[in-house]
Amino acid sequence: MSWIHVQHHPSLSPSNPPPPRLAAAAATNSKYANFSQIPSWVSLKSTSSSFVKTTPPLQQGRVENLHLVSLSKQGKLKEARVFLEQMDEAGVYVTPHSYESLLETCRNLRSLAEGRYIHDRMRRRTVKNPSGFLENCVLRMYCDCGSLVDAQTMFDEMAERNLGSWVVIMSAYAEAGFFDKSFWLFSDMLVLGIEPTSMIYTGLLKCLVNPSLVEIGRQLHSRVIRSGLSSNVAINTALCNMYVKCGWFEGAKLVFDQMDEKDSVAWTGLMVGYTQAGKPEDALDLFVKMVMEGVKLDQYVFSIVLKACAGFEDLNLGRQIHSYIVKLGLETDVSVGTPLVDFYVKCVNFEYACRAFERISEPSDVSWSAMICGFSQIGKFDESIKIFKSLRNNSLVLNSFIYTSIFQACSALADFNLGAQAHADAVKRSLISHLYGDSALVSMYSKCGRLDYATQAFESIAAPDTVAWTAIISGNAHHGNASEALRLFRTMQDCGVRPNVVTFVAVLTACSHSGLVVEAKHYMDTMRSQYLVDPTIDHFNCMIGIYSRAGLLQEAYELIKSMPFDPDKTSWKCLLGGCWTHKNLELGEIGAANLLQLDPEDTAAYVLLFNLYASSGKWEEAAGVRKMMTEKNLKKELSCSWITVKGKVHRFLVGDKHHPQTEEIYSKLEEFDQTLMNNENGLLTEEDDVSYTFPERKQQLLVHSERLAMAFGLISTPTNTPIIIFKNLRACEDCHEFAKHLSDISGRRIVIRDACRFHHFLSGQCSCNDYW
DNA sequence: AGTCAAAAAT
């Protein structure tokens, strides 16, 4: 809630914040009086001076009341209270307008205590109050502050209720879901012979928001007809919206079609309904009709039409509507510009999104969050974070969507430091979106190598949904805790949460990393029949990977041939990977051939095939593969490893000597020199550069990037913390052995995240049991 | 008087 307060603070206007210097200047020019500016000759202490005595009594409190209103508009209720007491002491009259302003602030800030105080002092003195206006303000204050009990007491005690009083309390009950209460009041009204106005009806109708309430809606509708209000635009619009929200589109259409007077509001409401019901095409049809009937188009119309468009991801259609928006000069409007940005982001056209954003005159937090999303989508997570930081530094309004995006960005960058800070920050501002933010956090901590934090985050979710369960299952899967992942999968079902497509990917991933062939096959076979989830190619690829890794290469190949999908790159790569591990040249050649047909530039395919030939002693073929690579001028992905120490990322390449502590790192590595494994067969690892000759490669092995990172971790982090290293490619066998050994001698816990999973090394053992 | 815009897990 805290950020809402900011919105009411004039000098921190959310949409267009002046830089600090300007803000200070603006404050002194503020249209509201500032206490320090009140000249001493009218200030409270001088009420006894001869000048004031000659001024008429009402005139006397003008500046004080102005100051009071100023304080309340700035949300300074505590100060206002002190000032009120000073005014009392000085015998200065508080005007109805001041009370109105104070009550409004109490409402906006949901400050029941201050509201009660104001009400209390109003009762203790005579306030000039024409037609019970102020009493309705108090009533609304109680309703908006959530105290229906106080509101009811007030209502019962009111000497002079007017229609406004009825509207306020009935709407409040309806909004809070106490429909019986509001309908009792409704019948009270009728009994008292008070004829309900359109306000009464619209107040009630707008609270009927789900299908279970449609009957009440129909009854109200019939009363509307009987009371002769059926041509009232506001009521008809409200009826139409009510039926839409209650899911009765036929009813909505009926009301809509017989309206003889329809403005853009009525059209908008119907379009909202269609869009929310997943019928964007109907919404667009309505838009076309609107245009043909010449209805005036406003920013609301375009915001919903753009949302409908985003559902289609039809760039062309959106461009046409965009040009319409430009013609009408509405592109600078934040409520048109923002959905426009979002539309382009959804169409994966970030350039257009940027241009649309630039045109918005006063971007809101929603506009910024659309941009953050856009940057993340094109992989520019640093840019997302940059925006986030600058919004924060400028005290602009942040929201839970933004935090969710930041958690995602930190996941992708595996930035534990920033992620944990953003987490704490979001907690302080209570801006963690239920389920959305929670799941993103689970995933973030898991991807940062902290499954312990991920588990904590998961356990703090009151009622995890499918996505949240999937996140924690997937986390355990990637950290190699297959049995825990499968246990969670069962618990999830015991909790009545149903697994979906992604959940099964996570479950199969868990099996895959632990070689649970039988279990995987069981889930594969039952996911459709028992769980009603149709397997996708991702599931088949997981299964192919599981067979291949387990050495069941024939089974893997049969599955590729028999599965109901055309095999893709991943399918063949899984097979090829298994063929390399289990030295099956025949199937390996088939895998490589198919893979290279789908992607002739796939470096990993060449490396695997090269190794496969080399290990079978087929040097000529191996040389051929290498020649092909050189001919194609294939630049393989540069291998690197990184480690974060004190918030700073240290990145290493093979044989890197750029680090300022290079000497220490290399001498640390030499300490472990004798533990090096023999790699006499001259095989390539993914890390190696193929253009090197054999002796150089062997030399390279000693200084693989992850070893440099490990050595640096060893000398620069406290001994009681795990050394967490990330690398962009798969762990090479030799370095894996090295890490095991290092964990044994140093007693340190080492965590390495390679391209496909986490390895936890402790006391000479790896959590993957050498199966990866 | 009634209408608007965004997000999580492979």
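Source: prediction; values computed, not measured. Here is how names work: the chains are called A, B, and so on, in the same order as the sequence lines, proteins then strands, and each is numbered from 1.
- At a threshold of 4.0 angstrom between heavy atoms, the contacts of V502(A) include nucleobase atoms, whether or not backbone atoms are also involved.
- For the pair K307(A) and F302(A), the cation-pi criterion (under 6.0 Å, within 45° of the ring axis) is not fulfilled.
- With ring centers used as reference points, Y523(A) lies 6.0 Å or more from Y531(A).
- Among the nucleotides dA1(B), dT3(B), dA7(B), the one closest to the side chain of T268(A) is dT3(B).
- Neither OP1 nor OP2 of dA5(B) sits under 4.0 Å from any side-chain N or O of Q299(A).
- Contacts of S433(A) with the nucleic acid, taken as non-hydrogen atoms under 4.0 Å apart, include base atoms.
- Comparing dA6(B), dC4(B), dA7(B) by their nearest atom to the side chain of S303(A) picks out dC4(B).
- Of the candidate nucleotides dA9(B), dA1(B), dA6(B), dA1(B) has the atom nearest to the side chain of A234(A).
- dT10(B) atom P lies 17 Å from atom CZ of F504(A), rounded to whole Å.
- Counting non-hydrogen atoms under 4.0 angstrom, D342(A) reaches the backbone sugars and phosphates but no base.
- Annotation: F458(A) is in aromatic contact with W469(A) [ring centroid separation under 6.0 Å].
- Residue K307(A) places at least one side-chain N or O closer than 4.0 Å to OP1 or OP2 of dA6(B).
- For the atom pair CG of D438(A) and OG1 of T404(A), the computed distance is 8.5 Å after rounding to the nearest 0.5 Å.
- A donor-acceptor pair shorter than 3.5 Å can be found between the side chains of Y445(A) and H423(A).
- Residue K447(A) places at least one side-chain N or O under 4.0 Å from the OP1 or OP2 atom of dT10(B).
- Contact annotation for D465(A): base contact, defined as any heavy-atom pair under 4.0 Å involving a base atom.
- Across the protein-nucleic acid pair, N541(A) atom CG and dT10(B) atom P stand 17 Å apart, rounded to whole Å.
- Proximity note for V505(A) (side chain, C-beta onward) versus dT3(B), dA7(B), dT10(B): the nearest is dT10(B).
- For N500(A) against dA9(B), a side-chain-to-base donor-acceptor contact under 3.5 Å is present.
- M199(A) comes within 4.0 angstrom of sugar-phosphate atoms only, judged by non-hydrogen atoms across all strands, and of no base.
- For T202(A), taking side-chain heavy atoms from C-beta onward, the closest of the listed nucleotides dA6(B), dA1(B), dA8(B) is dA1(B).
- In this structure, D365(A) atom CG and dA5(B) atom P are separated by 14 Å, rounded to whole Å.
- Side-chain atoms of D298(A) lie closest to dT3(B) of the nucleotides dA9(B), dT3(B), dT10(B).
- Distances shown here put a side-chain N or O of K346(A) below 4.0 Å from the OP1 or OP2 atom of dA7(B).
- Here dA6(B) presents its P atom at 12 Å from CG of N399(A), a figure rounded to the nearest Å.
- One atom, CD1 of I473(A), and another, P of dA9(B), lie 15 Å apart when rounded to the nearest Å.
- Look at K386(A) and E383(A) and you find a salt bridge, because one of the NZ, NE, NH1 or NH2 atoms lies within 4.0 Å of a carboxylate O, short of that distance.
- With hydrogens and angles ignored, no donor-acceptor pair closer than 3.5 Å exists between the side chain of S443(A) and the base of dA9(B).
- The phosphate of dA8(B) (OP1 or OP2) has a side-chain N or O of Q408(A) nearer than 4.0 angstrom.
- Between K206(A) atom NZ and dC4(B) atom P the separation is 12 Å, expressed in whole Å.
- The side chain of I304(A) sits closest to dC4(B) out of dA7(B), dC4(B), dA6(B).
- A straight line from NE2 of H478(A) to C1' of dT10(B) spans 7 Å, rounded to a whole angstrom.
- Regarding L330(A), its CG atom lies at a distance of 19 Å from the P atom of dT3(B), rounded to whole Å.
- Ionic pairing of D425(A) and R429(A) is present here: one or more N-O contacts between side-chain nitrogen and carboxylate oxygen are shorter than 4.0 angstrom.
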